[in-house]
Amino acid sequence: MLVLWLASATPTSAAVKKIIFDTDPGTDDALALMLALNSPELDVRAITVVPGNVTASQGLENALRMVSLANRCDIPIAAGAQHPLFQKLITAEFWHGKNGLANIELPRSKCKMDSRFGPDLILQMVHAAPHEITLVPVGPLTNIALALLKDPSIAPLVKEVIIMGGSISGGNVNASAEANIYNDPEAAQIVFRVGWPLTMVGLDVGDKTLFSKKYLDQLGQTHGPVNDFTYAVGKYLIDLSAQFGLPGSPMYDPLAVGVAIDATLVKSPEMHVDVETRGEFTRGETVANRHGTVERNVLRGDHYVIEGIDKVTPNAKVCVDVEADRFLQLFVSRIKGK
Ligand code: RIB
Ligand code: CA
């Protein structure tokens, strides 16, 4: 019977999901990466770095040090864009610490960066394994957009795209925009318009998934390099959140990885989502059409008359609810003792 149990517990090689993790590390990026590297359901085929929380160079250094900590120098790590497509970069050391990793100085990396440009690495890997690669971008979508602009033929060859980004219930940067979209709205517009299987893991569910002292204490009972680093980042985030009256830290990026591991963690109805790029107050907003229709206005003399409604085609699964505790327990269970 034990053999049957083991068989059911460990995913078969066919069930293991190949992912490319695109990141702007970043404290919650760090937690997401530690989860991805310690989950048997995922095979991290590459890590591409994008500027966002920190500059491109700082992000690359952070990624190299984290992958070295996890003893995974076998994974290609590539630098990508150096700035958003059409605007200046906005870095977030205010939230993530001076070095972007909660001011934690990890040992210098044993790993070497891959010489390829991140978007090119994405293109090569997708063409080499058509319909097998899931993209998990958890920063601004600049690298993903650059890959699509260079070679749009990858769109139908990517298995799935699971982004941390967007919101249909207001922003975190301002009233309307979530940080990853706000940092490169044109890139996000390209990614939402291309028509591939896209899941949007936004603030709507990230804000319900708070890493609190209850979970931190569980990590404090065990030790290991990944465990202790995750504990230190988690403590930094909990202390920071407490300064703003929050009982825990939103697990934005880790939840995107969680959805890649187990999509049943979230409720994600299909919607049509547009990205606002011109609004004075709404640039960077992900505008979701919940009811899936638009009114048809017809000019009749000196005014328009509503003469029907037209369906809109969904282009994303938008996560609107989450089993937060089940995800947080999964997160802790994967990190404990590593
Ligand atoms: O809005 C949250 C997102 O912005 C997360 O990905 C965080 O790491 C920052 O990049
Ligand atoms: Ca991020």
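When a ligand or atom number is given, it counts from 1 through the structure's own listing order. These numbers were taken from a predicted model, which means no experiment stands behind them. Starting from 1, each residue takes its place in the sequence as its number.
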Per-atom contacts, ligand 1 versus Asn172 - under 4.0 Å to a heavy atom:
1 (O), 2 (C)
For a 4.5 angstrom cut-off between non-hydrogen side-chain atoms, does Ile163 reach Asn180?
no
I'd like to check Glu178 versus Thr286 (side-chain heavy atoms, cut-off strictly below 4.5 Å). Are they in contact?
no
Is the shortest heavy-atom distance from the side chain of Asp325 to the side chain of Lys214 under 4.5 Å?
yes
Tell me, which protein residue and heavy-atom name are nearest atom 8 (O) of ligand 1, and how many Å apart are they?
Asp28 OD1, 2.5 Å
Check: Asn99 and Glu105 side chains under 4.5 Å, non-hydrogen atoms
yes
Distance under 4.0 Å to a non-hydrogen atom of Glu178: what atoms of ligand 1 satisfy this?
1 (O), 2 (C), 3 (C), 4 (O)
Applying the 4.5 Å side-chain criterion to the ILVMFWY set and letting contacts propagate, would Val161 and Leu148 be lumped into a single cluster?
yes
For Lys235, look at atom NZ and say whether over 12 heavy atoms of other residues, nucleotides or ligands are found less than 6.0 Å away.
no
Taking only non-hydrogen atoms of Asp29 and a 4.0 Å limit, the atoms of ligand 1 in range are 8 (O)
Please list, in number order, the atoms of ligand 1 under 4.0 Å from a heavy atom of Ala179.
1 (O), 4 (O)
Check Asp253 and report its N/O/S atom nearest to the Ca ion (ligand 2), by atom name.
OD2
With atoms numbered from 1 as shown, which atoms in ligand 1 lie under 4.0 angstrom from a non-hydrogen atom of Met164?
2 (C), 3 (C), 5 (C), 6 (O)
Above 12 or not: heavy atoms from other molecules or residues under 6.0 Å from NZ of Lys110?
yes
Whether Val138 has an N, O or S atom under 3.0 Å from the Ca ion (ligand 2):
yes
Would you tell me whether Arg334 and Ser39 have side-chain atoms, one donor and one acceptor, within less than 3.5 Å of each other?
yes
Can you pull out the closest protein heavy atom to atom 6 (O) of ligand 1? Residue, atom name and distance to 0.1 Å, please.
Asp253 OD1, 2.5 Å
Tell me which one of Asn180, Asn183, Val50 gets a heavy atom nearest to atom 10 (O) of ligand 1.
Asn180
Would you check whether His96 has a nitrogen or oxygen atom less than 3.5 angstrom from a nitrogen or oxygen atom of ligand 1?
no
For ligand 1, find out whether one of its N or O atoms is nearer than 3.5 Å to an N or O atom of Val138.
yes
Do ligand 1 and Asn53 have nitrogen or oxygen atoms that lie under 3.5 Å from each other?
yes
Can you tell me if Asp28 has an N, O or S atom under 3.0 Å away from the Ca ion (ligand 2)?
no
Leu101 vs Leu106 side-chain heavy atoms within contact, under 4.5 Å
yes
Using a 4.0 Å cutoff against the non-hydrogen atoms of Asp24, which atoms of ligand 1 qualify?
10 (O)
How wide is the angle at the Ca ion (ligand 2) between OD1 in Asp24 and OD2 in Asp29, to the nearest 10°?
70°
Ignoring hydrogens and geometry beyond distance, is a side-chain donor-acceptor pair present between Ser176 and Arg283 at under 3.5 Å?
no
